[in-house]
Amino acid sequence: MEYHYGSPLGGIGYVWDGQACLSLDLLDEPGRPAHGRDPVAAWLDAWFAGEILPLPPLVAPATDFQARLRRALLGIPFGETRSYGELARTLGTAPRALGQALKANPLPLLVPCHRVVGAHGIGGFSCGLAWKRRLLDFEASRRAVSVAEIQSRGVS
DNA sequence: GTTTCAGATGTTC
DNA sequence: GAACATCTGAAAC
């Protein structure tokens, strides 16, 4: 079943079959306010509120390499980035191969492929670079907020 | 010192 | 077998 989620950053379309999330698309059109009531929508609600929930069940990776890549991506903390080269070294592969596998990822955002940037530029993004910039901006500002919160707690 | 360019490289379709 | 969401080192300026 296909759903549409209206996020603060834009519309998100995803396929939820009742068991797992099969795919997710970041759309150009602005998000409609209607939210689905399923684990993916709940996860997105939390994420855009700056909270990290356990991921909803996801479709199995297509290849063994994608499984390892997914684990590596999920290991990158909220608000941080890795370069293609850095990540390629940890996976024992070539940077260009990594880009190819990232492009094939059907679950952007859920599997944070936007946290991988080029050594010199921002790199690429299958759903459009505008989305990648928005997501990175959002995480950076959210992290700044949470760091400020922690610091203010520490002071008081 | 910096910029430019070609070659290496592994996964995907 | 070709394409690719890159990196690196060497050469030129």
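Given the structure is predicted, the values throughout are model-derived calculations rather than measurements. Each chain gets a letter, A, B and so on, in the order its sequence line appears, and its residues count up from 1.
- Residues satisfying the side chain to side chain contact (heavy atoms under 4.5 Å, CB included) criterion with A:Arg133, sequence neighbours excluded, are A:Ile122, A:Leu129.
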- [ ] Go through A:Asp38 and A:Tyr14 one step at a time and tell me if the side-chain hydrogen bond (donor to acceptor under 3.5 Å, both in side chains) criterion holds.
- [x] CA-CA 11 Å; A:Asp38 56 73; A:Tyr14 60 90; 2.9 Å; yes

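- The two residues A:Phe65 and A:Leu98 have their closest heavy-atom pair at CZ-CD1, 4.4 Å.
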Could you pull out all donor-acceptor pairs under 3.5 Å where a side-chain atom in residues 108-120 of chain A meets a protein atom, sequence neighbours excluded?
| residue | atom | partner | partner atom | Å |
| --- | --- | --- | --- | --- |
| A:His114 | NE2 | A:Glu139 | OE2 | 2.9 |
| A:Arg115 | NE | A:Glu139 | OE1 | 2.9 |
| A:Arg115 | NE | A:Glu139 | OE2 | 3.1 |
| A:Arg115 | NH1 | A:Ile76 | O | 2.9 |
| A:Arg115 | NH2 | A:Glu139 | OE2 | 2.9 |

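- Boundaries of the chain A contact region on DNA chain C are C:dA3 to C:dT8, first to last in 5' to 3' order (nucleotide atom under 4.0 Å from a heavy atom).
- Every pair tested for side chain to side chain donor-acceptor pair (under 3.5 Å) that includes a residue from residues 61-77 of chain A fails, sequence neighbours excluded, so the list is empty.
- Listed by chain and number, the residues in a side chain to side chain contact (heavy atoms under 4.5 Å, CB included) with A:Asp28 amount to none (sequence neighbours excluded).
- In this structure, A:Trp43 and A:Leu53 approach most closely via the heavy-atom pair NE1-O, 3.0 Å.
- For DNA chain C, the residues of residues 100-108 of chain A within the heavy-atom distance limit of 4.0 Å (strictly under) are A:Gln100, A:Leu102, A:Lys103, sorted by number.
- Applying the ring-ring contact (aromatic ring centres under 6.0 Å, His included) test to residues at least two apart or on different chains, the pairs with a partner in residues 71-91 of chain A are A:Trp47-A:Phe78.
- A salt bridge links A:Asp45 with A:Arg37; the closest basic N to acidic carboxylate O contact falls under 4.0 Å.
- Here the side chain of A:Trp16 pairs no donor or acceptor atom with the backbone of A:Tyr3 at under 3.5 angstrom.
- Sorted by first and then second residue, the side chain to side chain donor-acceptor pair (under 3.5 Å) pairs involving residues 92-102 of chain A (not counting sequence neighbours) form an empty list.
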Task: Secondary structure string for DNA chain C (Watson-Crick or G-U under 3.5 angstrom, | for other-strand pairs) - done: ||||.||||||||

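- At a non-hydrogen distance threshold of 4.0 Å, A:Thr93, A:Ala94 from residues 82-94 of chain A come into contact with DNA chain B.
- The minimum heavy-atom distance linking A:Leu58 with A:Ala20 is given by the pair C-CB, 4.0 Å.
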Open item on the list: Run the side chain to side chain contact (heavy atoms under 4.5 Å, CB included) test on A:Leu24 and A:Leu26 for me, step by step, so that the C-alpha distance in whole Å, both residues' side-chain angles and the decisive distance to 0.1 Å come before the verdict.
Closed with: CA-CA 7 Å; A:Leu24 185 141; A:Leu26 305 174; 3.9 Å; yes

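- Residues from residues 59-68 of chain A lying near DNA chain B, meaning a heavy-atom separation below 4.0 Å, are A:Thr63, A:Phe65, A:Gln66 in numerical order.
- Rounding to the nearest 0.5 angstrom, the gap separating the CZ atom in A:Phe125 from the CG atom in A:Asn105 is 8.5 Å.
- Taking all atoms of both residues into account, the shortest heavy-atom contact from A:Cys21 to A:Leu107 is SG-CD2, 3.8 Å.
- Nucleic acid contact class of A:Gly118 (heavy atoms, under 4.0 Å, all strands): sugar-phosphate only.
- Between atom OG of residue A:Ser7 and atom CZ of residue A:Phe138 there is a gap of 8.5 Å, rounded to the nearest 0.5 Å.
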Open item on the list: One pair to check against side chain to side chain contact (heavy atoms under 4.5 Å, CB included): A:Leu55 and A:Leu74. What are the steps and the verdict?
Closed with: CA-CA 10 Å; A:Leu55 279 173; A:Leu74 293 173; 3.6 Å; yes

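- Counting 5' to 3', DNA chain B first comes under 4.0 angstrom of a heavy atom of chain A and last does so at the ends given by B:dA8 to B:dC13.
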